[in-house]
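Structure record follows, encoded as structure tokens.
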Amino acid sequence: MELLRLGAVGEERPYVRAADGTVHDLSPLTADIDGAFLAADGIARTRAALEAGELPVADAEGLRVGAPIARPGAVVCIGMNYAAHAAEGGAEPPKQPIVFFKHPNTVVGAYDDVLVPRGSVKTDWEVELAVVIGKEARYVETDEDALACVAGYAVSNDVSERAFQIEVSGGQWSKGKCCETFNPLGPALVPADEVDPTNLNLRTWVNGEPRQDSNTADMIFSVAALIRDLSQYMVLSPGDIVNTGTPEGVALSGRFPYLSPGDTMELEIEGLGRQKQSLGKA
């Protein structure tokens with residue numbers, strides 16, 4: 001089962017794709033896929049309504065694919081969470097999760113254009129496993145309780161401008177992370193009980209050429225460990241997004257050129273779908 005938001009920007013409506021590939025209108029259950037819906041056991045209710053035949057089949061052909069979660073309250077990000085990625089940057093693996101934030105308005109659809117910021121010379125790609133929170137996480141003590149706070153998972157592209165992130169800002173990472181369109185998300189939200197976040201292949205291509213090829217098994221801090229740790233310092237609310245870090249193979253490594261207008265990015269996570277963005281000018 002996959003939860004989708006389809007339609008023009010600002011006019012997205014909720015849908016669900018069943019296991020047989022049929023798309024169904026989710027509006028009999030909710031006006032949107034947001035934190036309130038997830039907190040009200042929305043995924044279980046969707047599954048029950050599908051099984052009961054209560055959701056009408058929809059014609060989704062030609063509809064834009066929006067981000068699968070509406071209006072996230074926070075986009076919390078983890079830096080250097082893959083051992084090989086830390087190594088390619090010449091850094092020691094962190095002993096504690098490195099945390100930074102993206103502005104929630106960076107979140108766009110999986111196939112929307114990404115705009116290269118004015119003055120950018122080092123725009124970079126980052127495929128990441130996104131965690132979508134479905135239940136408040138506050139002072140969580142066990143991995144089991146941490147995973148119980150997860151509604152589902154999605155593909156995330158933590159687009160970054162490295163000069164803004166490292167050079168211009170003096171190390172204030174969020175300055176290189178918050179440019180408009182810098183977080184394509186989706187295409188779908190896949191329920192947590194259908195995903196093993198410890199063993200997912202992640203891949204990225206730029207202009208059809210392979211860049212990243214890894215597995216979430218290389219994570220330094222697991223999804224459960226991240227949720228547990230974050231909840232000691234902040235309250236994670238339903239609808240919040242946690243980007244869990246990117247593997248090796250980014251332009252920052254020096255192995256590949258940075259992005260330019262006219263380039264294309266494709267990102268894929270096993271079982272969660274595939275994104276594709278064209279690069280334009282801001």
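When a residue number appears, it is its place in the shown sequence, counting from 1.
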- Task: State the OG-CD distance between Ser253 and Glu248, to the nearest 0.5 angstrom.
- Result: 8.5 Å

- Output, in order, the C-alpha distance, side-chain angles, deciding distance and verdict of side-chain contact (heavy atoms from CB on, under 4.5 Å) for Trp125 and Val114. CA-CA 11 Å; Trp125 58 88; Val114 168; over 6 Å; no

- Query: Charged N to carboxylate O below 4.0 Å: is that the case for Glu209 and Arg211?
  - Reply: yes

- Between Lys175 (side chain) and Phe164 (backbone), is there a donor-acceptor pair under 3.5 Å? no

- Message: Among Thr181, Asp113, Asn157, Asp263, exactly one meets side-chain hydrogen bond (donor to acceptor under 3.5 Å, both in side chains) together with Gln277. Which residue is that?
- Response: Asn157

- At what distance, to the nearest 0.5 angstrom, does CG of Asp124 lie from CG of Leu252? 6.0 Å

- Message: Could you tell me if Glu161 and Ser120 have a donor-acceptor pair between their side chains, going purely by distance under 3.5 Å?
- Response: yes

- Task: Verify, without hydrogens or angle tests, whether Lys102 (side chain) and Phe182 (backbone) share a donor-acceptor contact under 3.5 angstrom.
- Result: yes

- Message: With a 4.0 Å cut-off on N to O distance, would you call Arg64 and Glu12 a salt bridge?
- Response: yes

- Message: Once rounded to the nearest 0.5 Å, what's the spacing between atom NZ of Lys122 and atom OG of Ser160?
- Response: 13.0 Å

- Task: Return the minimal non-hydrogen interatomic distance between Ile43 and Leu3, and the atom names on each side.
- Result: CG1-CD2, 4.3 Å

- Message: For Asp145, is there an ion pair with Arg228 - N to carboxylate O distance below 4.0 angstrom?
- Response: no

- Message: Distance check, rounded to the nearest 0.5 Å: Gln212 atom CD versus Leu267 atom CG?
- Response: 7.0 Å

- Message: Under the criterion side-chain contact (heavy atoms from CB on, under 4.5 Å), I'd like the reasoning laid out for Arg203 against Val127: C-alpha separation, chi angles, the key distance, then a yes or no.
- Response: CA-CA 7 Å; Arg203 297 184 177 90; Val127 62; over 6 Å; no

